[in-house]
Amino acid sequence: MLDLPPLARFGGLVATGLLDVTSDPAALDSAGFWAVAADFEGSLVCARFADVRTEPVPAPVPGQWQGPTPGDWTSSLDHAAYTAGVRRIRAHIAAGEVYQANLCRVLSAPLAPDADIDALTALLARGNPAPYAGTIRLPRHGVEIATASPELFLRRTGPVIESGPIKGTGRTEADLLDKDHAENVMIVDLVRNDLGRVCATGTVTVPDLCVVEKHPGLVHLVSTVRGELPADTGWPELLAAAFPPGSVTGAPKTSALTIIEALETAPRGPYCGGIGWVDADRATAQLAVGIRTFWTDRAEGVLRFGTGAGITWGSDPEREWQETELKAARLLAVASGQYGDAYESGRTL
Ligand SMILES: C=C(O[C@@H]1C=C(C(=O)O)C=C[C@H]1O)C(=O)O
């Protein structure tokens, strides 16, 4: 078995020296620095590390990451199944069961047995820089994740909690339609409701609504929802109220989850879950929504990657499929090593 040492990396922060691992969210209110990986389906891995330091993401070592070529990937839902799913969601909307549901597919490709997921993070840091990029590498606990997430699930600064839901995606700003703004506002309402279940009454606000953010190869609409946790409320209550993230489920959340369960054929795993760190000593934290994320399935010998889109009444099935392609294209190119090679040889991209 490949036995790479446990490691967590979040931007310029690196954690080594694994102390303990638990699935109990109450541990996040105890002490120490925790890396957190929550699967969309609800399983939680919290890993406490002894040594945390700032250190730049290492430059990619040529040949260290042997990734699949873009043609090696297969999709849990192909074009026909995905577009049929979009039509099915529109029928659920027409029937009044849901306003919006996020339809996702999981891509899989063969993975070299000696592949180190942190070498992929090194490539992603150059080829697709992202505000919540990182690695969680815990091979003995079945967690090997490289994320280039642009989306904030939960930031904690003492009692203050912030979430940064994204809804609205285009190649350029001109692609963003009224529909994208409407989708974003729907999800902001949902996240306000989620945080409102645990935050002190009257503290939930929306400091930013539908701000355009530019990310590699695409633009997003991003909002910020903020609230304050009362002193007796901790991580178990916060996660129970807010998980899974509203932007990757839909509204109302429970109906959207039922529809997702019926239409999607592969577990999302870390994709669309929560990935990041909690510093219990300082009561600070930063968890990303696990989108633009790769993870390993060692039992199957595959690397996986998820991509999806929010479906509303105004959705065109072909356009939504294209959106999932757009979100995947650059990241799959980076994972194939193409961007890394170009970087190493000094070519411009
Ligand atoms: C599910 C994904 O994206 C989600 C849906 C978005 C949208 O519909 O615009 C944007 C960001 C994510 O919250 C993904 O990127 O895989």
Side-chain angles (χ1 to χ4, degrees), residues 40 73 75-77 82 85-86 89 99-107 124 128 130-133 147-154 163-173 175-188 190-191 194 210-225 242-251 253 256-257 259-260 263-264 266-275 287-295 304-317 319-332:
F40 181 75
W73 294 90
S75 177
S76 60
L77 298 174
Y82 190 87
V86 174
I89 291 171
Y99 303 108
Q100 173 173 176
N102 219 269
L103 185 62
C104 298
R105 53 197 182 97
V106 173
L107 312 182
L124 291 168
N128 195 107
Y132 305 106
T147 183
S149 176
E151 183 169 1
L152 176 67
F153 172 39
L154 293 171
S163 186
I166 297 184
K167 195 94 330 219
T169 302
R171 233 175 251 282
T172 66
E173 203 172 333
D175 291 339
L176 297 171
L177 309 172
D178 286 349
K179 160 188 171 290
D180 294 301
H181 286 258
E183 271 184 56
N184 190 298
V185 170
M186 254 186 245
I187 296 305
V188 165
L190 176 70
V191 174
D194 284 355
C210 293
V211 174
V212 176
E213 273 188 11
K214 291 191 166 64
H215 292 277
L218 46 74
V219 299
H220 282 310
L221 288 180
V222 186
S223 297
T224 305
V225 183
F243 196 85
S247 60
V248 289
T249 50
K253 197 188 261 188
L257 283 169
I259 291 167
I260 288 166
L263 292 179
E264 293 184 11
R268 294 187 183 179
Y271 170 58
C272 295
I275 304 170
L287 300 183
V289 179
I291 56 171
R292 320 292 145 80
T293 295
F294 294 87
W295 72 104
R304 300 199 197 275
F305 176 84
T307 183
I311 311 305
T312 58
W313 178 246
S315 286
D316 168 51
R319 211 183 143 101
E320 300 297 350
W321 168 264
Q322 288 305 335
E323 182 174 319
T324 67
E325 291 274 280
L326 173 67
K327 286 168 170 168
R330 185 183 179 112
L331 287 151
L332 299 190

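Just follow the structure's listing: the first ligand is 1, and inside any ligand the first atom is 1. Excluded from the calculations below are hydrogen atoms, water molecules and symmetry mates; all remaining heavy atoms, backbone and side chain alike, are included.
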Among protein heavy atoms, which sits nearest to atom 3 (O) of ligand 1, and what does the distance come to when rounded to 0.1 Å? Lys327 NZ, 3.1 Å
Which residue and atom name correspond to the protein heavy atom nearest atom 16 (O) of ligand 1, and how close is it? Tyr271 OH, 2.5 Å
Considering the heavy atoms of Gly310, write down every atom of ligand 1 situated less than 4.0 Å from one of them. 8 (O)
With atoms numbered from 1 as shown, which atoms in ligand 1 lie under 4.0 angstrom from a non-hydrogen atom of Thr307? 16 (O)
Note the single closest protein heavy atom to atom 15 (O) of ligand 1, along with its residue, its atom name and the distance in Å. Arg292 NH2, 2.8 Å
With respect to Gly168, determine whether any N or O atom, backbone or side chain, lies less than 3.5 Å from an N or O atom of ligand 1. yes
If the plane angle is over 60° it's perpendicular, under 30° parallel, otherwise tilted; pick one for His215 and His220. tilted
Under 4.0 Å from a heavy atom of Ser247: which atoms of ligand 1 are those, numbered in the order shown and with their elements? 13 (O)
Distance under 4.0 Å to a non-hydrogen atom of Glu323: what atoms of ligand 1 satisfy this? 7 (C), 8 (O), 9 (O)
Ser149 pairs by side-chain contact (heavy atoms from CB on, under 4.5 Å) with which of Ile166, Ile275, Ile291, Leu287? Ile291
Atom OH of Tyr99 with >12 non-hydrogen neighbours under 6.0 angstrom: no
Counting distance only, does the side-chain N/O of Asn184 pair as donor-acceptor with the main-chain N or O of Leu221 below 3.5 Å? yes
Give the residue and atom name of whichever protein heavy atom lies nearest to atom 9 (O) of ligand 1, and the separation in Å to one decimal. Thr169 OG1, 2.6 Å
Any heavy atom of Leu221 under 4.0 Å from ligand 1? The part involved is neither
Closest protein heavy atom (residue, atom, distance) for atom 2 (C) of ligand 1: Gly308 O, 3.5 Å
Charged N-O contact under 4.0 Å between Arg105 and Glu320: no
So, Asp175 side chain and Arg171 main chain: donor-acceptor pair closer than 3.5 Å or not? yes
I want to check something: taking the side chain as every heavy atom from C-beta on, are Asn102 and Lys167 in contact at a cut-off of under 4.5 Å? yes
At less than 4.0 angstrom from any non-hydrogen atom of Glu151, what atoms of ligand 1 do you find? 11 (C), 12 (C), 13 (O)
Salt-bridge criterion met for Glu323 and Lys327 (N-O under 4.0 Å): yes
For Gly310, does its backbone N or O pair with a side-chain atom of Gln100 as donor and acceptor, under 3.5 Å? no
Atom 11 (C) of ligand 1 sits nearest the protein heavy atom Ile166 CG2, 3.5 Å
Are Thr307 and Thr324 linked by a side-chain donor-acceptor pair shorter than 3.5 Å? no
Under 4.0 Å from a heavy atom of Lys167: give me the atoms of ligand 1 that qualify, with their elements. 4 (C), 5 (C), 6 (C), 7 (C), 8 (O), 9 (O)
Under 4.0 Å from any heavy atom of Asn102, which atoms of ligand 1 are there? 1 (C), 5 (C)
